[in-house]
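Heads up, the thing below is written out as structure tokens.
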Protein chains: 2
Amino acid sequence: MKAEQDIFHKFLAQKDLRDTPQRELILDVFLKREEHVSAEQLYDIIKKRDPSIGQATVYRNLKLLSEAGLAREVDFGDGVTRYEHNYNHPHHDHLVCRGCGKMVEVVDSVIEELQKRVAEQYGFVLTDHALYLYGNCAECRKGHRSG
Amino acid sequence: MKAEQDIFHKFLAQKDLRDTPQRELILDVFLKREEHVSAEQLYDIIKKRDPSIGQATVYRNLKLLSEAGLAREVDFGDGVTRYEHNYNHPHHDHLVCRGCGKMVEVVDSVIEELQKRVAEQYGFVLTDHALYLYGNCAECRKGHRSG
DNA sequence: TTGCTAATGATTATCATTATCAATAGTAAA
DNA sequence: TTTACTATTGATAATGATAATCATTAGCAA
């Protein structure tokens with residue numbers, strides 16, 4: 001938990017940005033959440049600790065955390081940007097249940113490798129990708145909770 | 001081009017929906033565009049043929065075309081929903097150049113198969129997925145048009 | 001034709017996010 | 001420690017894509 005703060009402080013110094021209590025608070029709350037959060041969700045949590053904070057500040061600083069390499073944006077395609085930890089949290093894809101919304105982080109090195117090759121076939125050099133797998137989890141199928 | 005119209009008419013009949021000139025026009029223009037289009041783009045094109053058409057009608061009916069299985073939504077993550085042909089246009093993923101925006105449709109049956117297996121490992125039955133590969137195309141790398 | 005009701009077009013609402021801007025507050029130098 | 005500079009904040013308005021509303025229009029079956 002110390003390392004992330006160091007990274008953030010160095011990032012701020014390097015970019016000539018200022019260290020503010022709001023930024024510390026946002027980083028702190030973000031780090032304590034293990035799951036991905038939207039700006040809205042984080043704002044709701046943060047308000048309890050500092051009711052005077054503005055929601056624009058939360059939006060602004062989540063972007064900043066991404067720039068600092070501490071957060072990573074994820075887009076589940078529902079129009080809301082979520083943020084997840086990027087430090088000590090290696091790349092992965094997302095397996096999402098259509099029934100209950102449960103989300104599992106997955107990786108398959110073979111898929112990753114094949115993606116690179118497919119890109120190369122078309123003369124592209126792959127920089128990144130987004131893979132979302134949608135399906136129905138075991139419980140949902142058992143409980144008829146899904147289609 | 002006849003087949004799609006048949007499908008649409010049957011879909012309308014089956015759902016007790018009406019056949020209107022606006023719907024015919026939207027379908028016609030959509031079918032003539034080979035590339036994916038947003039509702040906004042399609043509206044701009046359609047206005048030239050029928051300036052009285054409302055943009056809500058375009059939004060509404062693109063959704064309807066999706067329900068009818070003639071169109072398919074694609075989400076490039078820029079906040080705009082685009083529609084592409086779904087009839088006689090099998091599933092594929094998208095390889096997008098970060099430099100010039102060029103888009104190539106790709107498929108790799110091994111990747112597809114592996115995705116299913118990864119899902120199964122977690123007790124999921126895969127229904128669909130979204131895979132977007134981002135990189136830099138040959139021209140962009142040659143012309144220093146990208147990072 | 002008539003009658004029922006879906007569809008349309010104009011408009012407003014929504015929702016996440018961004019821009020604006022006056023007031024506030026880090027921070028480096030005096 | 002004061003000053004001065006300017007980044008940051010919070011409140012609020014703006015944005016942009018899409019959805020909802022609603023009175024009017026128009027398919028279509030009887």
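Each chain gets a letter, A, B and so on, in the order its sequence line appears, and its residues count up from 1.
- Looking at the side chain of A:Tyr59, the nearest of the listed nucleotides C:dA7, C:dA16, C:dG9 is C:dA16.
- Whole-Å rounding puts the B:Ile53 CD1 to D:dT25 C1' distance at 15 Å.
- Side-chain N/O atoms of B:Gln5 and B:Glu24 include no donor and acceptor closer than 3.5 Å.
- Side-chain atoms of B:His129 and B:Asp93 include a donor-acceptor pair closer than 3.5 Å.
- Residue whose closest nucleotide on DNA chain C sits further toward the 5' end, between B:Ile26 and A:Gly79: B:Ile26.
- Listed pair B:Thr20 / C:dA6 fails the phosphate criterion, with no side-chain N or O lying under 4.0 Å from OP1 or OP2.
- As rounded to whole Å, 9 Å separates atom P of C:dA16 from atom CG of A:Asp78.
- With rounding to whole Å, B:Tyr43 atom OH is found 16 Å from D:dG16 atom P.
- Donor-acceptor pairing under 3.5 Å is recorded for the side chains of B:His89 and B:Glu105.
- Of all nucleotides listed (C:dT17, D:dG10, C:dT18), C:dT17 comes nearest to the side chain of A:Thr81.
- One atom, CZ of B:Phe8, and another, P of D:dG27, lie 14 Å apart when rounded to the nearest Å.
- Residues A:Arg23 and A:Arg60 form no side-chain contact, since every pair of their non-hydrogen atoms from C-beta on lies 4.5 Å or further apart.
- Whole-Å rounding puts the B:Glu40 CD to D:dA17 C1' distance at 8 Å.
- Going from atom CZ of B:Phe11 over to atom C1' of C:dA6 covers 14 Å, rounded to whole Å.
- Heavy-atom distances to DNA chain D give each of A:Ala56 and B:Ala56 a nearest nucleotide, and the one nearer the 5′ end belongs to A:Ala56.
- With the nearest nucleotide of DNA chain D identified for both B:Gln55 and B:Pro21, B:Gln55 has the one nearer the 5' end.
- One can place OH of B:Tyr83 at 14 Å from P of D:dA17, the figure rounded to the nearest angstrom.
- The side chain of A:Lys15 contributes no N or O atom lying less than 4.0 Å from OP1 or OP2 of D:dA7.
- Put simply, the side chain of B:Arg18 and the base of C:dT5 share a donor and an acceptor less than 3.5 Å apart.
- Side-chain nitrogen and oxygen atoms of B:Gln22 include at least one within less than 4.0 Å of the OP1 or OP2 phosphate oxygen of C:dG9.
- Distance from the side chain of A:Leu17 is smallest to D:dA7 among D:dG10, D:dA7, C:dT18.
- B:Ser38 comes within contact range of no nucleotide atom at all, as no heavy-atom separation falls under 4.0 Å.
- Under the side-chain contact (heavy atoms from CB on, under 4.5 Å) test applied with B:Asn61, the options B:Leu25, B:Leu27, B:Ile26 reduce to a single match, B:Ile26.
- Between D:dT8 and A:Asn61, no contact under 4.0 Å exists linking OP1 or OP2 to a side-chain N or O.
- In this structure, A:Arg60 reaches the bases: a heavy-atom distance under 4.0 Å links it to at least one base atom across the strands shown.
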Note to self: What verdict does the side chain to side chain donor-acceptor pair (under 3.5 Å) test give for A:Glu112 and A:His91, after you've listed the backbone C-alpha separation in whole Å, the side-chain angles of each residue and the deciding distance to 0.1 Å?
What the structure shows: CA-CA 10 Å; A:Glu112 304 278 323; A:His91 161 76; 2.9 Å; yes
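- The separation between A:Ile46 atom CD1 and D:dG10 atom C1' is 14 Å, rounded to whole Å.
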